[in-house]
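Okay, so here's the structure we're looking at.
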Amino acid sequence: MYKKKLFRAQLCALFLAVLVPAFASAAAATTLSGLYQWTGVRIVDDADVLSSTDEQELDRLINDLDKETGAQLGIITMSTLADSFHSDLESFSRKQAEEWKLGQEGKDNGILILVVVDDHLARIEVGAGLEDKISLYQQKRIMDYKMTNNFRNGYYNTGLIEAVKSLTNVIKGLGLDDTSTRAAPAETEKKEGSTLGAIILMIVVGVLVIAIIIKAIINKKKGIKTDFQINKSPRLTTHKQGSGKFNGGGTSGSW
């Protein structure tokens, strides 16, 4: 009887040892209230809609905005609000902005761009100190012409990059170009050349991919890490947490 109880206790301990770290890892990005914790980086692509190149470009634009104006901008993409224990976009966005405290102390010049992919919702949360500088009209034009117009076609990278550029121009007093911009993805570039050329290209690419996979397998057996195994994600700039305040100003959109 004692041995059975001991075995059960050991089994439970093993079960917890395996599951607890797994759950902790999965929930590491969020707080108990469903908000994303501040980790030092201002881009969180939880919905996985951005490539490494996209994240690096956004990181560069965010850093330029910070250096040139002092404004602190953050971006979060997520799949659905249901995962955050919130049903209201505006409420969640404001609480998330307050959690990250984007903006300088006393200037409250923070901005949070939130994109909820599966719910087809987006919001620009504007810090208290920028509400007079970025008018509701300008916020709405950026939302409609730069963001949702691209999001509905799946161009999340273009929508976010153009939104950050537009917000930067407005903050710097350069005005707003509210024309719709939409870059075609690489898959839909103009077809040039013959079908034979395309087939040859696919064969060459296929051979290269197979060669890379085989090399990775061989290196793995030898214990050698390849470049793409070492650098799975881009190195984004680490920032100190700000001290900005938010009063609920901003604009929302859907597609």
Check against side-chain contact (heavy atoms from CB on, under 4.5 Å), D54 and L160: CA-CA 9 Å; D54 297 330; L160 287 169; over 6 Å; no
S87 versus L81, closest heavy-atom pair with distance: O-CD1, 4.0 Å
Full working for side-chain contact (heavy atoms from CB on, under 4.5 Å) between E131 and I134: CA-CA 6 Å; E131 290 183 21; I134 310 173; over 6 Å; no
D132 atom CG: more than 12 heavy-atom contacts under 6.0 Å: no
T148 to G253 - nearest heavy-atom pair and separation: CG2-C, 4.2 Å
Separation between CD of Q138 and NZ of K133, rounded to the nearest 0.5 Å: 11.0 Å
Residues forming a side-chain contact (heavy atoms from CB on, under 4.5 Å) with S254, sequence neighbours excluded: L121
Cationic N near anionic O, under 4.0 Å, E98 to R94: yes
Partner set under side-chain contact (heavy atoms from CB on, under 4.5 Å) for V41, not counting sequence neighbours: T39, L236
Side chains of L58 and I161 in contact at under 4.5 Å (non-hydrogen atoms): yes
Minimal non-hydrogen separation, F151 against A122, with atom names: CE1-CB, 4.1 Å
Residue list, side-chain contact (heavy atoms from CB on, under 4.5 Å) with T251, at least two apart or on another chain: I124, Q139, K140, M143
Residue pairs passing the ring pair (Phe, Tyr, Trp, His ring centres under 6.0 Å) test where at least one lies in residues 111-132, sequence neighbours excluded: H120-W255
Table please: side-chain donor-acceptor pairs of residues 62-78 below 3.5 Å, with sequence neighbours left out.
residue, atom, partner, partner atom, Å
N63, OD1, H239, NE2, 3.3
N63, ND2, D59, O, 3.1
N63, ND2, T237, OG1, 2.8
D64, OD2, R60, NH1, 3.0
D66, OD2, R42, NH1, 3.0
D66, OD2, R42, NH2, 3.2
E68, OE1, K172, NZ, 2.8
T69, OG1, L65, O, 2.7
T69, OG1, A71, N, 3.1
Q72, OE1, G103, N, 2.8
T77, OG1, D45, OD1, 2.5
T77, OG1, D46, N, 3.4
T77, OG1, A47, N, 3.2

Q104 side chain vs N109 backbone, donor-acceptor pair below 3.5 Å: no
Point-to-point distance, once rounded to the nearest 0.5 Å, from CG of N247 to CD of E125: 9.5 Å
Nearest heavy-atom neighbours spanning G248 and R123: O-NH2, 3.2 Å
Verdict with supporting geometry, Q96 and L112, side-chain contact (heavy atoms from CB on, under 4.5 Å): CA-CA 8 Å; Q96 181 61 65; L112 175 66; 3.8 Å; yes
Stepwise side-chain contact (heavy atoms from CB on, under 4.5 Å) check, K101 with S243: CA-CA 5 Å; K101 298 180 181 178; S243 304; 5.6 Å; no
Over all atoms of both residues, closest heavy-atom pair of F246 and L102: CE1-O, 3.5 Å
Side-chain heavy-atom pair L114, L89 within 4.5 angstrom cut-off: yes
Interatomic distance, S166 atom OG to L176 atom CG [nearest 0.5 angstrom]: 5.5 Å
side-chain contact (heavy atoms from CB on, under 4.5 Å) partners of K245, counting only residues at least two apart: D108
S135 side, atom OG; L130 side, atom CG - distance, nearest 0.5 Å: 12.0 Å
Value rounded to 0.5 Å, distance of CD1 in I142 from NZ in K146: 8.5 Å
A163 versus M147, closest heavy-atom pair with distance: CB-CG, 3.6 Å
